[in-house]
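Predicted, not measured: the structure shown is a model, and the values here were computed from it. Both backbone and side-chain heavy atoms feed into the values below; hydrogens, waters and symmetry mates do not. Just so we're on the same page: letters track the sequence lines, and every chain starts at 1.
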Number of protein chains: 2
Amino acid sequence: MSAKLEFTQEVQKIAGFSKALSHPVRVYILQKLSKMGSCCYSGDLVEELPVGRSTLSQHLKELKYAGLIQGEINPPYIKYCINRKNWEEAKQLFSSFLNETEIAEASCEVQAISEHQ
Amino acid sequence: MSAKLEFTQEVQKIAGFSKALSHPVRVYILQKLSKMGSCCYSGDLVEELPVGRSTLSQHLKELKYAGLIQGEINPPYIKYCINRKNWEEAKQLFSSFLNETEIAEASCEVQAISEHQ
DNA sequence: AAATCATTTCGTAATTTTGCGAAATATCAA
DNA sequence: TTGATATTTCGCAAAATTACGAAATGATTT
């Protein structure tokens, strides 16, 4: 019945980080925070983004859970910024994942199949 | 009431590719296919992966929808391999997204907050 | 003590994702 | 034509995601 392998840590981590990056709101936040070490407040973000405060809060929670951001409590504000350690790890993981490729050109002669839905 | 920006194409594409990468089964498939231009069949994958045939088929469909793989029909098999053009695009997008950072060290003095759930 | 402020948590609803087995499809072999 | 094969599609259920407004939290100011 075959081995039905467990996924490696690497595969699981890539899937986990990708999940955190799988919503435009979260990509936007990370893009903003990763630029030259900037930080920002939930209140700043809600002005720019097409979601309400509570929804934004949930997205921030997801990013914290994934380890990609961290918040410094500074009442009554919370200052968010990138979690550099994990951001570096994500960077490294994606980099090696995406670059395992190369070589071999004409492996599959293409052919678009099906559409979604 | 503030501008409530639209997301850029870049942000949307990153979110879209990330969504495709947000499940271990799909990361595994891509990891396998991206290595030295290899191809494989649904039947090979179902031996290795802890999901049934119909579920695997759905994951392959997601990857096709995202444009990351393509299948060459070769009855009674379908040979799957990476869609190089879009894989390169994803590579480039993630690379510039993840590397916009750098500079600035002590922006936020850390502090782990909350747990998930 | 009461009011204010930024933010999160709660409760709820709509939608999407993930998974399965059964049935359908399409092609080749007997 | 019948049977076998590889894969997908269908129908369904359980769980997760996304979103909202209302209420709660925690700290400061009046």
C:dG19 OP1/OP2 closer than 4.0 Å to side-chain N/O of B:R53: no
B:V51 side chain, from C-beta outward: closest of D:dA6, C:dG19, C:dT9: C:dG19
Interatomic distance, A:K79 NZ vs D:dA27 C1' [rounded to whole Å]: 18 Å
Minimum-distance nucleotide to A:Y77 side chain [options: C:dT8, C:dG19, C:dA6]: C:dA6
Residue B:I78, side-chain heavy atoms: nucleotide from D:dA19, D:dT7, C:dT8 that is nearest: D:dT7
Length of the line joining A:K61:NZ and D:dA16:P, which is rounded to integer Å: 14 Å
Between D:dT28 (C1') and A:N74 (CG): distance, integer Å: 13 Å
Residue whose closest nucleotide on DNA chain D lies nearer the 5' end, A:K19 versus A:T55: A:K19
Spacing of B:Y41 atom OH relative to D:dT5 atom P, expressed in whole Å: 18 Å
Side-chain N or O of B:S42 closer than 4.0 Å to phosphate OP1/OP2 of D:dT8: yes
Geometric class of the B:H23/B:H59 ring pair [parallel <30°, tilted 30-60°, perpendicular >60°]: tilted
Rounded distance [0.5 Å steps], CG in B:L33 versus CG in B:L30: 6.5 Å
Spacing of B:E72 atom CD relative to D:dT7 atom P, expressed in whole Å: 14 Å
B:E62/B:K19 ion pair, N-O < 4.0 Å: no
Candidate nucleotides C:dT7, D:dA6, D:dC20, ranked by approach to the side chain of A:Q58 - the nearest: D:dC20
N/O (side chain, A:H23) to phosphate O (OP1/OP2, D:dA19) under 4.0 Å: yes
Phosphate OP1/OP2 of D:dT17: any A:H59 side-chain N/O under 4.0 Å: no
Between P of C:dA26 and CD1 of B:I73, the distance in whole Å: 10 Å
Minimum side-chain heavy-atom gap B:Q70-B:K64 below 4.5 Å: no
Check ion pair B:K13-B:E10 (N to O, under 4.0 angstrom): no
Out of D:dA22, C:dT7, C:dG21, whichever nucleotide has its closest atom nearest the side chain of B:S54: C:dG21
Euclidean distance, atom CZ of residue B:R26 to atom P of C:dT16 [Å, nearest integer]: 15 Å
Interatomic distance where CD belongs to A:E62 and P belongs to D:dT18 [whole Å]: 7 Å
Shortest side-chain distance from A:P75, nucleotide among D:dA27, D:dA19, C:dT8: D:dA27
